[in-house]
Amino acid sequence: MKIQHLWLLAGLLLTGCVDDKFFGNSSEKKILSFQLEGQVGNASIDQSGRTISLKVGAGANIRALKPTEVILSTFATLSPLPDEVRDFSVPVTYRVTAEDGSTADYVVTVEQEGSEPQVDNSSFDQWYTTPKGYQEPGADANSVWATGNAGVTTLGGANVAPLTISGSDLAAKLVTLDLGSLAGLIGQRMGAGSMFTGKFVLDIQNPLNSTIFGVGFSGRPKQFAVDYAYSPGTPYMDKSGQVQAGKSDSCDIYLFLENRNGPEPKRVATGWFRSGEEVISAFRPITVDLTYGPLGAAVPDYQKPANGLYADTGDPVTHITVVFSSSYNGAFFEGGTNSTLVVNNLRLVY
């Protein structure tokens, strides 16, 4: 099964850790990324206060953990070393030493997740503004949620944005856009609105690979629930902009749990909702069962893992992937013009 629905158009991102006009030893001393064994979600790093906060799963031994990833400023070093096991039941201080010998202390605070965890910002009430001016779901760039906005904004406006329901209650609005004839020449005419747990890392050679699905998670819910509204758009066009007569659009809402402890991910559980029905007068609440273990022959292939691998009974859950898309065939750059999906209040049911 191919993961569906994310339109990503190639762009270029250049970053640098040290000013090219700088001469002498660097004074840069930041922790840019930090991840622990058993971590769920993403760490929140406050560079001004030099604090790092994160969560680990209910089954993690919080008194004996070590980092699995620490990224520092260029030429900086860390103490204690990343491979040292620490007791994170209390705050742990890490010292970063710059090339010039100056230091900065970061305090890492870890919270242990309960037995029935939810996905961070699953109400979709938090949004932040990116340097390019469009909004993304989450409090900041460390959000567990990402979208395809980085791709579609190369040709136009963002197609995932917050929608005010009332007061501080926000929802996520996803729209499939006709990106124009130029995009059609390279076979990327239709840009489906997509929001997912994971992150975007640009792959110029293959834009679809820029999307990295899934975030750390340890719960075993029985179902997921969400409120949604949907309007399938017309005309339905393929990747080159040809109208597909008689073909109509559908939204996709799905969730799967994985075990990623081995060389390849294994599917633990699957839940999928696909519908082309128009739902516009009010939000419709849906509850979708999660199937643990292999999916049967009657289940459509698009719901099954591309590598065909399923976890054994009792294997722990390490990651969760949630995807919302305004067009079910968005991965093939086709869909209905202005198909619109609005989602609010995702809940995991135990």
Side-chain angles (χ1 to χ4, degrees), residues 1-8 33-43 54-61 65-71 82-83 113 117 119-120 144-146 148 194-222 224 252-272 274 288-325 328-332 348:
M1 180 198 72
K2 291 184 177 179
I3 301 299
Q4 305 290 324
H5 322 105
L6 295 179
W7 184 92
L8 300 169
S33 178
F34 189 93
Q35 186 167 330
L36 275 182
E37 295 173 318
Q39 182 173 322
V40 294
N42 296 330
L54 56 89
K55 292 181 181 180
V56 294
N61 181 4
L65 295 173
K66 63 182 179 180
T68 57
E69 176 186 270
V70 181
I71 299 177
D83 59 358
E113 204 171 45
V119 180
D120 288 346
V144 301
W145 295 97
S194 299
M195 184 170 70
F196 56 96
T197 55
K199 59 183 178 179
F200 173 85
V201 179
L202 183 64
D203 183 339
I204 296 175
Q205 299 300 319
N206 189 344
L208 286 177
N209 288 342
S210 300
T211 306
I212 301 174
F213 290 92
V215 294
F217 187 77
S218 64
R220 298 180 73 90
K222 297 177 181 177
F224 74 86
D252 255 9
I253 299 173
Y254 61 92
L255 179 156
F256 54 81
L257 305 173
E258 289 180 310
N259 178 287
R260 296 188 183 179
N261 286 337
E264 289 195 71
K266 295 181 179 181
R267 182 75 61 82
V268 176
T270 309
W272 206 296
R274 175 176 289 184
V288 179
D289 291 337
L290 293 181
T291 300
Y292 281 77
L295 298 173
V299 176
D301 286 344
Y302 65 78
Q303 297 188 21
K304 298 175 181 179
N307 63 7
L309 298 178
Y310 293 92
D312 294 331
T313 301
D315 281 351
V317 174
T318 65
H319 287 75
I320 185 171
T321 293
V322 183
V323 176
F324 301 99
S325 178
Y328 77 100
N329 248 352
F332 300 101
L348 303 180

Undergrad: Under the 3.5 angstrom rule, does the side chain of Lys304 hit a backbone N or O of Pro294 as a donor-acceptor pair?
TA: no
Undergrad: Scan the side chains in residues 33-40 for donor-acceptor partners under 3.5 Å anywhere in the protein, sequence neighbours excluded, and list what turns up.
TA:
from  : atom 1 : to    : atom 2 : distance (Å)
Ser33 : OG     : Glu69 : OE2    : 2.7
Glu37 : OE1    : Lys66 : N      : 3.1
Gln39 : OE1    : Leu36 : N      : 2.8
Gln39 : NE2    : Gly41 : O      : 3.2

Undergrad: Tell me every residue that passes side-chain hydrogen bond (donor to acceptor under 3.5 Å, both in side chains) with Asp289, counting only those two or more places apart in sequence or in another chain.
TA: Gln223
Undergrad: Do Asp315 side-chain atoms and Val268 backbone N/O form a donor-acceptor pair below 3.5 Å?
TA: no
Undergrad: Which heavy-atom pair separates Pro67 from Pro82 by the least distance, and what is that distance?
TA: CD-O, 3.0 Å
Undergrad: Would you call the rings of Tyr254 and Trp272 parallel, tilted or perpendicular, where under 30° means parallel and over 60° means perpendicular?
TA: parallel
Undergrad: Over all heavy atoms of both residues, which pair between Glu258 and Pro265 is shortest? Give the atoms and the distance, please.
TA: OE2-CB, 3.5 Å
Undergrad: Heavy-atom distance under 4.5 Å between the side chains of Leu290 and Phe224, does that happen here?
TA: yes
Undergrad: Quick one: does Val322's side chain get under 4.5 Å of Trp145's, heavy atoms only?
TA: yes
Undergrad: Check Ile320, Leu257, Val317 against Pro221 for a side chain to side chain contact (heavy atoms under 4.5 Å, CB included) and give me the one that passes.
TA: Leu257
Undergrad: Return yes if some donor-acceptor pair links the side-chain N/O of Asn259 with the main-chain N/O of Thr318 below 3.5 Å, else return no.
TA: no
Undergrad: Going by the rule side-chain hydrogen bond (donor to acceptor under 3.5 Å, both in side chains), which residues pair with Ser218 if we only count those two or more places apart in sequence or in a different chain?
TA: Glu113
